[in-house]
Amino acid sequence: MTDIQYLAPHTLDEAVGAFAAAAGTARILAGGTDLLVQMRAGMVRPGLIVDIKKIAEMTSIEETADGGFVVGAAVSGAVLAEHPRFGKVWPGVLESINLIGSTQVQGRASAGGNLCNGSPAGDSVPAMMAADAIVTVQGPNGRRQMPVEAVPAGPGRINLAPAEILVSFTLPPRPPGSSDAYLRMIPRTEMDIAVVGCGVSLTLTNGVCTAARVGLGAVAPTVLLVEAAAKALIGSKLDTAAVDAAAAACSAACRPIDDKRGTIVYRTKVAGVLLKRTVGIAADRAGRA
Amino acid sequence: MNETSNKWIGQNTIRPDGADKVTGRAAYGADTTMPGMIWGSVLRSPHPHARIRSIDTSKAEALPGVKAVITAKDIVEFPLDKSVVLGIQDMRWMCRNVMAREKALFHGHPVAAVAATTEAIAAEACKLIDVDYEVLPWVIEIEDAIKPGAPLLHDFIQFEGKPSNIAGTLEHKLGDIDAGFAQADVVIERSFTTRPVHQGYIETHACLVSVSADGKTTIWSSSQGQFMVRAMTSLLTGLPQSSIRAIPAEIGGGFGGKTIVYLEPLATVLSKKSGRPVKMVMSREEVMRATGPTSGSMSTVKIGATKDGKIVAAQGTYYLQAGAFPGSPIRGAAGCAFAPYDIPNVISRGFDVVSNRSKVAAYRAPGAPIGAYAVECVLDEIAEALKIDPLDLRIQNAAREGTKAAHGPVYPRIGLLETMEAARAHPHYKAPLGKFQGRGVASGFWFNAGGESSAQVNITEDGNVVVTTGHPDIGGSRAAIANIAAELLGIDYRRVSVLIGDTATVGYSNLTGGSRVLFASAIVVTESAEQVIGQLKARAAKVWGISADAVVWENGEARPSGDHTGNFPTMTLAEIAAKASETGGPIGAGVQLNTTGAEGGFSTHICDVEVDVELGIVSVLRYTSFQDVGRAVHPAYVEGQIQGGAAQGIGWALNEEYIYNKDGKVDNPGFLDYRMPVCSDLPMLDAVMIEIPNPKHPQGVRGVGEVPLVPVMAAVANAVHSALGKRFYSLPMSPPKVLEGLDEGTLQAAE
C-alpha cells in the first residue's frame with residue numbers, strides 16, 4: 001500500500017524528466033478517463049502520476065499558416081468541439097472524439113489519451129489515421145514525429161520509447177473538396193465501446209475521388225489503416241462497385257476475436273457496412289453532387 | 001370517495017424527497033459515518049463450485065489494522081432438514097448465501113469477511129486468508145443443469161426420486177386440457193429462452209452497523225424493508241429483534257433486488273467482534289457477481305383456439321434458474337402467464353432449477369414477464385394463423401369480472417378489457433409504419449399484494465400533520481400518502497410531512513414489494529386519519545359544550561351541525577391543536593393492520609420498432625402502455641412507474657444478458673458491457689392511465705409498480721416479428737443474433 005505521488009509540471013522537460021526518473025512506475029494523466037478507471041479496478045497502481053494538463057503546448061489548438069491544425073494531446077473533446085474552425089475542417093475527427101463517453105467525460109477525455117490507452121476500439125484512432133495525422137512525441141532524447149498508425153502496438157501497448165510523452169497531433173491542410181466522417185457500431189446509442197469503428201477521409205475533384213484513407217477499429221489487435229479500401233475508392237466516382245470493393249477490402253482486413261462485445265462473423269460483416277455508410281457521409285460533406 | 005371532490009388526490013404535488021435528492025443532501029446507504037468507524041470487505045470464491053475444506057484466517061488477523069475476521073462459523077446455521085421461512089426467503093439458503101458454508105456455489109460467493117481500519121487494509125487482509133478448496137465441476141445454464149449426469153449442487157435435492165438440480169415444481173390446473181385441445185382448430189406450440197437480467201439499481205448495497213458493548217445494534221442500510229433487515233439480521237446473528245434498530249436510508253433503486261440482505265449480518269458480526277462501527281459498501285462488480293438477478297428461463301407454451309378465435313386450451317411449461325439455492329419465481333411465471341385470459345382448460349407448470357450462479361432475487365413482478373413473453377408471442381402466432389387482429393383476439397378472450405383464473409381467484413371488477421380497448425382506439429395503433437418497421441402488442445398481469453402495514457398520524461402543536469409509515473419509499477409513496485392525508489383532513493398538502501420510521505419508531509410493516517406499499521399504507525393512514533378527525537371533532541365539541549355527534553369536519557375545520565348550526569364559529573385544525581392540552585392532551589392515532597383486497601394489476605402495451613437490417617440493431621420508435629391503475633393518487637409517479645417498467649423490459653428484450661466465460665465466471669460485471677438502455681436508446685415512453693378503482697380500497701388504489709414490466713418483452717418481440725416477418729424465440733434480440741437470423745429470403749419478404 002504505497003502512496004501515489006502526483007506531479008503537475010508546467011513544462012514538457014520537467015514532465016519527461018519526472019517520467020524518466022520514475023523508471024516505469026509512472027503514468028501520464030491527461031483526462032484520466034481511462035487511468036482512473038484502471039486504478040479503481042486494480043489493474044494499475046502507479047507510483048507517480050504526471051498530470052500534463054498544465055503544460056500549455058499540450059492543451060492548445062493551433063491552426064497553422066498552411067491551414068493545418070496542431071492539437072495538443074491533452075485537449076479535451078469538449079474544448080475541441082468549441083473551436084470555431086476545427087469541426088468544419090475535420091468533422092469526422094471531431095465526431096470520433098466526441099463519441100467518447102458521456103458529456104461529463106467529454107470535459108476531460110482527450111485524443112492523446114485515447115491513442116496512448118492502446119485500445120483497438122479507441123474511437124478517435126481510426127479517424128486520426130484516416131486524417132493522416134502525424135504525432136509529435138518527446139522523450140529523454142528529444143522530439144520525434146511519426147504517423148498515428150505507427151503508434152499502436154497491440155491491445156494496451158504502444159510504440160513509444162520509455163519516458164516518451166505524446167505531445168500533439170498535426171493534421172495536414174485540406175485541399176478543396178475534402179472531408180471526413182467516423183461511424184461506430186455499438187448496441188446502444190451512447191456510453192458504449194465500439195464493436196467496429198470506421199473513419200474515412202477523402203477528397204473529391206469533379207466528382208472523382210482523388211485521395212482517400214480508411215481507418216478501422218475494434219477488428220484486430222490494433223486499429224488498422226486499410227490501404228486496400230482506400231485504393232478501391234481512389235480514382236472512382238464512389239459508385240456502388242467501388243464502394244462495394246472498399247467494403248470487401250475492410251471485411252478482408254478484419255482479424256477480430258469473439259468476445260463479449262461481438263463475434264468474428266458479426267464484426268467482419270459490420271466493417272463493410274460501416275465503410276459504405278461512412279464513405280457516404282464523408283462524400284456528402286465533401287460536396288458530392 | 002367522489003372523484004370530483006378531490007382536491008389533492010390526483011395532483012402532481014411536489015415530491016417530499018425532491019429537494020434533498022436534487023441538492024445531494026439525501027442520505028443513501030453509504031452516506032452515514034460514525035466516530036471510530038472501520039471498513040468491512042468480503043473475500044469471495046474464485047471458483048464457481050468448490051468444497052471448502054478449511055479456512056485459515058491467522059495471517060489476515062495478524063495484519064496491523066485488522067480488527068475482526070469472520071467466516072461461516074460466525075453466522076447462525078440453519079440445518080438443511082428444517083425449513084425456516086421469512087417472507088419469500090428460506091433461512092437455510094440465506095445463511096449459506098451470505099457466507100458459504102459447506103461449499104462455494106458460484107464465483108463471487110462470500111467465504112470470509114474482514115473489518116479493518118481502512119478499506120485498503122481490509123482488501124489486503126482478504127488476500128491473506130487461506131482457503132483450501134476442492135474444485136468441483138460446475139453448471140451454469142438450465143439445459144445443462146437438468147441433463148442426466150449434470151454436476152449436482154446439493155445432495156439433498158431429489159426430483160422424481162433421483163438426485164437432481166430441479167429443486168421444486170408447481171402446477172396450476174383448470175378444466176380438462178386434453179378435451180380443450182380436442183376442440184381447437186388451430187394449435188401452436190413454441191419454445192422460448194430468456195436470459196437472467198439484473199435489477200440494475202444505481203445504488204450498490206451498503207450499510208453501516210454499530211453494535212454497542214451491551215449488544216444494542218443500530219443498522220443504517222439501503223433496503224426495501226427495514227423490518228426485513230431486522231428480522232434477517234436477527235436470525236443470522238442470534239441477536240433478539242428488540243436489540244436491533246434498523247434505520248432505512250434513502251434508497252437508490254431496488255426493483256425487488258433489495259428485498260434480501262447480503263451485508264447487514266456480516267457487518268453486524270464484524271462490529272460485534274471488533275467493538276467498532278463497521279461500514280460495508282459493495283462495488284458494482286460485487287453487485288453483478290453476487291447479488292440477485294432474476295431468472296433466466298426455458299419455456300414451452302402451447303395454445304389452442306377455435307377458428308372463430310376462442311381460446312379453448314393453454315399449456316405452459318416454465319423452467320427457471322434459481323441460481324445457487326432453490327427459490328426461482330416459478331409462481332410468478334406459471335401463475336401470471338395465462339391470467340389475462342378467460343381460458344376454460346389450462347395447465348401451467350413451473351420447475352425451479354439450481355445452478356452455479358448467484359442466487360436470484362425478486363425483480364419487478366418476479367417471473368411474470370417470463371410467463372407473459374412466451375404466452376403473448378404464441379397468441380400473436382394464433383392471431384396470425386386465424387387472420388384476426390392481435391388486439392381483437394385478446395379482447396375476445398380477455399378475463400373480466402367473474403372469470404375464474406387458473407391460479408385460483410375469481411376476478412372482481414378489473415380493468416383489463418379497458419386497457420385493450422383503449423389501445424385499440426388509440427392513434428398509436430393506427431399510425432403508419434415504414435419499411436423494416438413493425439408493431440407489436442401484448443398484455444400482462446401481476447398479482448399485487450397487501451400485507452402488514454402500520455401508520456401513525458400526529459397533529460403537531462401548531463396544527464400541522466406528521467404521518468409516519470414503515471415502508472421504504474421507492475416509488476413515490478411519501479408523496480401519495482401526503483396527498484391522501486391532505487385530502488382526508490381537508491388541509492393544504494404542504495402542511496403534511498410524511499416520514500419513513502425505523503424499526504423502533506413505527507409498527508411492523510412488511511417490505512416494499514409486491515406493489516403493496518400505497519395500497520396497504522393508504523388503508524392504515526386512512527383509518528388513522530379518520531380516528532384523528534374523530535378526536536378533532538370531539539375536541540371542538542368539548543370547547544363548544546355540545547355532543548361530538550353534532551360536529552362535522554369539512555375543509556379542515558370543525559363546524560357545528562344540526563340544531564347547533566351557526567351557533568359557534570368554526571374551529572380550524574390549528575385552533576383545535578392550540579387547545580389540545582386543555583381539551584384532553586395530544587392528538588394523534590396509529591393503526592396497524594394486515595391488509596387484504598389488493599387485487600391484480602393488468603396492462604396492455606403497443607410497441608413500434610425499426611430494424612437496421614445491415615447491423616441487426618432494433619430501435620424502439622414508439623411505445624405506449626395502457627394500464628388499469630385503480631386510482632392515480634400522484635399521477636406523475638404512476639407514469640414514472642409505467643415508463644420505468646417499459647425501459648427495463650426493452651433492455652431485457654434487446655441487450656441485457658450476463659456473459660459467462662469458459663471458467664464459469666461473469667465476463668461483463670459492469671454497466672459498460674451489461675447493456676441496460678441509456679436515455680438516448682428510448683423514445684418518449686407514453687403512459688395511458690385507466691382508472692378503474694379497486695372496489696376493496698378506500699381510495700380505489702391498485703398496485704402499479706410491477707405490471708408495467710410484464711408485457712414488454714413480448715410487445716417488443718411481436719414488433720420485431722411484424723417488422724421482419726421472422727420471429728426470434730430467444731432473448732435478448734441483440735444485434736449479432738438479429739443479423740445472424742436475417743437471410744436474403746427474410747429480407748426480401750420484409751421489404
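Every chain is numbered from 1 and lettered A, B, ... according to where its sequence line falls, protein lines coming before strand lines.
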Inset, instruction - Please determine, among A:Lys276, A:Arg261, A:Met191, A:Arg267, the option with the most heavy-atom pairs under 4.5 Å with chain B. - result: A:Arg261
Legend entry - chain A contact via B:Asn661 - which portion, at a heavy-atom distance below 4.5 Å: neither
Legend entry - Side chain, backbone, both or neither of A:Arg40 within contact of chain B (heavy atoms, under 4.5 Å): neither
Legend entry - chain A contact via B:Ser734 - which portion, at a heavy-atom distance below 4.5 Å: neither
Inset, instruction - Could you tell me whether B:Asp667 and B:Lys665 have a side-chain N and a carboxylate O separated by less than 4.0 Å? - result: no
Legend entry - Atom group of B:Leu672 that falls short of 4.5 Å from chain A, counting heavy atoms: both
Inset, instruction - Decide whether B:Asp681 and A:Thr189 meet the rule of one side-chain donor and one side-chain acceptor closer than 3.5 Å. - result: yes
Legend entry - Contacts of A:Lys231 that satisfy side-chain contact (heavy atoms from CB on, under 4.5 Å) - sequence neighbours left out: none
Legend entry - Interatomic distance, B:Leu654 atom CG to B:Leu731 atom CG [nearest 0.5 angstrom]: 8.5 Å
Legend entry - Six-ring centre of A:Tyr266, A:Lys269 cation under 6.0 angstrom, axis tolerance 45°: no
Inset, instruction - Using a strict 4.0 Å threshold on nitrogen-to-oxygen distance, state whether B:Arg195 and B:Glu141 make a salt bridge. - result: yes
Legend entry - Under 4.5 Å from any heavy atom of chain A - which part of B:Leu615: both
Legend entry - When B:Glu614, B:Arg675, B:Glu740, B:Met676 are compared by non-hydrogen pairs under 4.5 Å with chain A, the top option: B:Arg675
Inset, instruction - Identify which of A:Arg188, A:Lys260, A:Met185 forms the greatest number of heavy-atom pairs closer than 4.5 Å to chain B. - result: A:Arg188
Legend entry - Contact origin within B:Asn655 toward chain A - heavy atom pairs under 4.5 Å: side chain
Inset, instruction - Could I get the full list of salt bridge (charged side-chain N to carboxylate O under 4.0 Å, His left out) partners for B:Glu751, not counting sequence neighbours? - result: B:Lys435
Inset, instruction - Please look at B:Tyr658 and chain A and tell me whether the side chain, the backbone, both or neither of the residue comes under 4.5 angstrom of a heavy atom of that chain. - result: neither
